[in-house]
Amino acid sequence: HLDKTPMALAMDNGHHGLVEFLLKATSNTRGQPSTAYTPVQNHAQVADVEALHAEAAEKYFNGDYNGAEVFYKKALALNPQHLRSLCNYGALLHNVRHDHDKAEQLYKAALAVSPNDVVTLYNYALLLEVAKQDYLGAEKLYLRALQVDPMHVDTLVNYGSLLKTVHNELATAEKMYQTALVAEPDHIDALCNYALLLRDGMNQKAKAKELISRALAVAPDDEWLQKHASAF
């Protein structure tokens, strides 16, 4: 390990897509928001909360984290149980501010609203694993996420990395990566992490190199690949 920051540890352990996934979570790419949270009192307030969340998400994507935080707080002031604002403000605090305790509070609040929200389960698991080294807690959340969505690619990839690095359960980790690639054959993180497992844990260097070549074909400008591909 050249750098022991949480992000570097995540990269070394195979969590190549941490930043990307948290940004994707901000846009709620999984689709419909949960209906489990307590509704606000009228349609105008609902529209206001959604508009505030949308503004926060746009600012997050554009790198205006201070502005995003302001709008997340405004959305939560109108509806303290707005699921996506809880989850995505938690992601901002987790990934950008590194305020892990406050991020954890928001993830817990989101799960109180919607216990089966896969994005929140995934993000909270990452926080426990990478920032707090609570591997048992992280594993429980990964498994909960996979119970809800057995083909959730990011969870499969990161749980596979935990199985590899923490438990040395290489065969089970391989199954996680293989399942992820069935769901999404060009998923960069799955390709890279599976290649790392094959090279470092299974002495299958030719197959590992093949996976890295596939990843390069999909994302030739990827920073991690540019730095590490030659090692395969």
Side-chain angles (χ1 to χ4, degrees), residues 10-34 83-84 87-88 91 95 107 110-111 114-130 135 138-167 169-202 204 206-225 228-229 232:
M11 295 281 281
D12 289 339
N13 286 336
H15 300 290
H16 181 50
L18 176 62
V19 173
E20 181 182 1
F21 182 80
L22 293 175
L23 289 176
K24 288 192 290 185
T26 307
S27 66
N28 189 25
T29 56
R30 288 198 54 77
Q32 299 299 317
S34 170
L83 176 62
R84 292 271 63 85
C87 178
N88 295 326
N95 192 48
Y107 289 152
L111 290 176
S114 182
N116 293 327
D117 184 68
V118 174
V119 173
T120 305
L121 289 167
Y122 173 87
N123 285 352
Y124 189 11
L126 277 179
L127 184 146
L128 291 179
E129 181 182 1
V130 178
Y135 302 119
E139 184 167 19
K140 289 179 179 178
L141 291 173
Y142 285 137
L143 289 171
R144 280 176 59 185
L146 291 174
Q147 285 181 331
V148 177
D149 183 358
M151 300 300 286
H152 189 258
V153 174
D154 294 280
T155 300
L156 288 164
V157 172
N158 285 282
Y159 184 40
S161 295
L162 185 148
L163 289 167
K164 179 185 73 173
T165 59
V166 176
H167 298 306
E169 295 182 9
L170 304 187
T172 309
E174 183 177 28
K175 290 178 181 178
M176 295 295 116
Y177 297 142
Q178 289 172 338
T179 303
L181 289 171
V182 168
E184 195 171 332
D186 291 336
H187 193 276
I188 299 300
D189 304 335
L191 290 167
C192 293
N193 292 324
Y194 190 12
L196 285 167
L197 172 67
L198 292 171
R199 185 194 68 182
D200 299 336
M202 295 183 165
Q204 297 185 35
K207 188 173 180 181
K209 186 172 183 179
E210 176 187 340
L211 291 172
I212 290 297
S213 295
R214 282 172 57 186
L216 282 168
V218 174
D221 297 326
D222 182 90
E223 183 179 348
W224 188 92
L225 284 169
H228 297 284
F232 290 84

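- A heavy-atom distance below 4.5 Å is not found between the side chains of L198 and K209.
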Practice task
Before giving the answer on side chain to side chain contact (heavy atoms under 4.5 Å, CB included), spell out for N116 and Q147 the whole-Å C-alpha distance, their side-chain angles and the decisive distance to 0.1 Å.
Solution key: CA-CA 9 Å; N116 293 327; Q147 285 181 331; over 6 Å; no

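- The main-chain N or O of V157 is found under 3.5 Å from a side-chain atom of S161 such that the two form a donor-acceptor pair.
- Within the 4.5 Å cutoff, the side chain of L156 has no heavy atoms near those of the Y177 side chain.
- E139 places none of its side-chain heavy atoms less than 4.5 Å from the side chain of L128.
- The structure places OG1 of T179 at 10.0 Å from CD of E174, a figure rounded to the nearest 0.5 Å.
- With contacts defined as side-chain heavy-atom distances shorter than 4.5 Å, the pair Y142/L126 qualifies.
- Within the model, atoms OG1 of T172 and NE2 of H167 stand 10.0 Å from one another, a figure rounded to the nearest 0.5 Å.
- Atoms CG and OG1, on N193 and T165 in that order, are 10.0 Å from each other to the nearest 0.5 Å.
- Looking at N88, its side chain does come within 3.5 Å of a backbone N or O of R84 through a donor-acceptor pair.
- With rounding to the nearest 0.5 Å, the separation of CG in L211 from CG in L216 is 11.0 Å.
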Exercise for the section: Give the intermediate values and the outcome of side chain to side chain contact (heavy atoms under 4.5 Å, CB included) for residues Q204 and L197. Expected result: CA-CA 9 Å; Q204 297 185 35; L197 172 67; over 6 Å; no

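- Nearest heavy atoms, G160 versus A173: O-CB, 3.3 Å.
- To the nearest 0.5 Å, atoms CG (L146) and NE2 (H152) are separated by 9.0 Å.
- L170 and M202 make their closest contact through O-CE, 3.5 Å (heavy atoms, listed as atom of the first residue, atom of the second, distance).
- The heavy-atom pair separating A229 from I212 by the smallest distance is CB-CG2, 3.9 Å.
- Applying the side-chain contact (heavy atoms from CB on, under 4.5 Å) criterion to V218, with sequence neighbours excluded, gives D186, I188.
- Nearest heavy-atom pair across C192 and L225 is SG-CD2, 3.6 Å.
- For the 3.5 Å distance criterion, the side chains of D117 and T120 qualify, holding a donor opposite an acceptor.
- Rounded to the nearest 0.5 Å, atoms OG1 (T155) and CG (L162) are 12.0 Å apart.
- What you find for Y135 and E129 is that their closest heavy atoms are CE2-O, 3.7 Å.
- The two residues V119 and C87 make their nearest non-hydrogen contact at CG1-SG, 3.6 Å.
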Practice task
Decide side chain to side chain contact (heavy atoms under 4.5 Å, CB included) for Y107 and L121; before the verdict, give the C-alpha distance in whole Å, the side-chain angles of both, and the deciding distance to 0.1 Å.
Solution key: CA-CA 8 Å; Y107 289 152; L121 289 167; over 6 Å; no

